[in-house]
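Report on the following structure.
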Number of protein chains: 2
Amino acid sequence: MAKKPIPDIVVGRLPQYLRSVQRMAAQGRVVTSSQELGERLGISAAQIRKDLSQFGEFGKQGTGYQITFLIDQIRHILHVDKEWDVAIVGAGDVGSALARYKGFHNRGFRVAAIFDNDPEKVGSRVDSFTVLDTSRMVEEIRKAGIRIAMITTPAPAAQEVANMLIEAGVRAILNYAPISLNVPNNVRMQQIDPSIHLQRMTYYLD
Amino acid sequence: MAKKPIPDIVVGRLPQYLRSVQRMAAQGRVVTSSQELGERLGISAAQIRKDLSQFGEFGKQGTGYQITFLIDQIRHILHVDKEWDVAIVGAGDVGSALARYKGFHNRGFRVAAIFDNDPEKVGSRVDSFTVLDTSRMVEEIRKAGIRIAMITTPAPAAQEVANMLIEAGVRAILNYAPISLNVPNNVRMQQIDPSIHLQRMTYYLD
DNA sequence: TAGATTGTTAATCGATTAACAATC
DNA sequence: TAGATTGTTAATCGATTAACAATC
């Protein structure tokens, strides 16, 4: 009898919980409660308790949750108690900004390589990285054992890039190209398209 | 008797539908079906029909949906049948990449101004924009009637910036700072944090 | 007409909330 | 002990899917 899988919507909230308690820790806080976390995140306290209880008993009645302990537990659950190498494909403005981004530090990720197919860009420097040619991408990613990639190419190239990445062994793709990618079931994909996020909000504006 | 409001989760799918049919239109396609759209987006055909039918009868039995007509309808529903001015706060790598981003074109948005509080950056150029001082932000945004902003400041500054934006009349915020913002009910907020998106996927990686 | 596909209803499935005993 | 807060159950709420009459 297999254990019931955790709903993806619950998995999706864990990174928010983690970010919030890490922020509390940075401010020297020691314990928190489902109520406090809920207020910070706009989520009900009951939901937070239920989500966390799917993975274990992390709190104490009457007291709440020990922040450092909760951080360790969530990092472990999300597999970010290690640093993952991440490849960036596309050395334009967005790819370069991601290569320089300081926000991956302590969150479980490290940019490992950046690729582009433009001969003008290949060999140039972005932050501490030398831009590599996309023609070598499958080989390099496979050799380095990279499992995570971010696509920042123009939309028309994105699907082919995704196919190459998957062939190379990548199993999680964060797609900044404004196009819906098709990936097999054993590959995770998330999309970031600022226009889509904005359009979701303009519905509510007059 | 008030009409039932559209669930936000339905609103959230409309921009995806729009992007997909706009892509089809760019390829010269004339009609599509809920089935085809569903396959492209990984959403069931029944769901797409149900979502669209909340707003009107946009299709024809036996035929499907006229692409140009569907585009017009969704653009109208989402209020992107006009161009919204958008302010950017934070002229770092991410803010600059957004200022230069070509992907807002034809999606309903136009960057109108970029602000920073760093004297080194104020007055400098980013794309065709001159970076303005944050101290003038409330005044400038109010004067220009800007209703939408993107925050790309460091996390510690983001909440205060959000408060200022709201005071200035902004009602939709796309937040790139890695911190959970609290905004009143009459303000929409969306968060983009690449680490959070990545962490949501590493759960599934070994 | 025959085939295809919509819009919609009812059934199913899943997620959220309320409530409270347990217990720190 | 008294007060606070968890973990969990049952109830509620909401979203998705299946199915099909309507109709192009």
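All chains are named by letter (A, B, ...) in the order of the sequence lines, taking the proteins before the strands, and each is independently numbered beginning at 1.
Nucleotide D/dA15 holds its P atom 10 Å from the CG atom of B/Asp8, rounded to whole Å. Per the geometry, NZ belonging to B/Lys4 stands 10 Å off P belonging to D/dA15, to the nearest Å. Straight-line distance from the CD atom of B/Glu57 to the C1' atom of C/dT5: 13 Å, rounded to whole Å. With rounding to whole Å, A/Leu52 atom CG is found 9 Å from D/dT6 atom P. A straight line from CG of B/Leu70 to P of C/dT5 spans 16 Å, rounded to a whole angstrom. Whole-Å rounding puts the B/Phe55 CZ to C/dT6 C1' distance at 17 Å. In this structure, the CG atom of B/Asp51 is 17 Å from the P atom of D/dG14, given to the nearest Å. One interatomic measurement links the two molecules: CZ of B/Phe69 to P of C/dT6, which rounds to 14 Å at whole-angstrom precision.
In this pair, A/Phe58 and A/Phe69 present their aromatic rings perpendicular. The plane angle is above 60°, beyond the 30 to 60° band. Between B/Phe55 and A/Tyr203, the ring-plane angle classifies as perpendicular under the 30° and 60° cut-offs.
A donor and an acceptor atom, one from each side chain of A/Tyr176 and A/Asp193, are nowhere located under 3.5 Å apart. Looking only at atom types and distance, the side chain of A/Gln47 has a donor-acceptor partner in the side chain of A/Arg13 under 3.5 Å away. No donor-acceptor contact under 3.5 angstrom links the side chains of B/Glu167 and B/Asn163, judged on distance only. Side-chain contact annotation: B/Arg40 with A/Ser180, donor-acceptor N/O pair under 3.5 Å absent.
When the C1' atoms of four end pairs are superposed on the next four at each end of the helix from C/dG3-D/dC24 to C/dC24-D/dG3, using five pairs per end, the two resulting axes differ in direction by 20°, to 10°.
At least one donor-acceptor pair closer than 3.5 Å links the side chain of B/Asn175 to the backbone N or O of B/Ala177. Panel note: side chain A/Ser33, backbone A/Glu36; a donor-acceptor pair is recorded below 3.5 Å.
The stretch residues 10-40 of chain B touches DNA chain C through B/Ser33, B/Ser34, each having a heavy atom within less than 4.0 Å of the strand.
Put simply, the side chain of A/Ile196 does not reach to within 4.5 Å of the side chain of A/Gln191, judged on heavy atoms. Within the 4.5 Å cutoff, side-chain heavy atoms of A/Gln199 are placed close to those of B/Arg107. Between A/Val86 and A/Arg110, every side-chain heavy-atom pair lies at or beyond the 4.5 Å cut-off.
An OP1 or OP2 oxygen of C/dT17 is reached within less than 4.0 angstrom by a side-chain nitrogen or oxygen of A/Ser44. Under 4.0 angstrom from either OP1 or OP2 of C/dA4 there lies no side-chain N or O belonging to B/Tyr65.
Nearest approach of B/Ile179 to B/Ala158, heavy atoms of both residues: CG2-CB, 3.8 Å.
Checking A/Pro7 against B/Phe58, the closest nucleotide of DNA chain C that is more toward the 5' end is the one next to B/Phe58.
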Would you list the protein and nucleotides 18-24 of chain D atom pairs, both N or O, that sit under 3.5 Å from each other?
from: D/dA19; atom 1: N6; to: B/Arg49; atom 2: NH2; distance (Å): 3.2
from: D/dT23; atom 1: O4'; to: B/Gln61; atom 2: NE2; distance (Å): 3.4
from: D/dC24; atom 1: O4'; to: B/Gln61; atom 2: O; distance (Å): 3.2
from: D/dC24; atom 1: O2; to: B/Gln61; atom 2: O; distance (Å): 3.2

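Listed nucleotides: D/dT16, C/dG7, D/dT8. Nearest to the side chain of A/Ser53: D/dT8.
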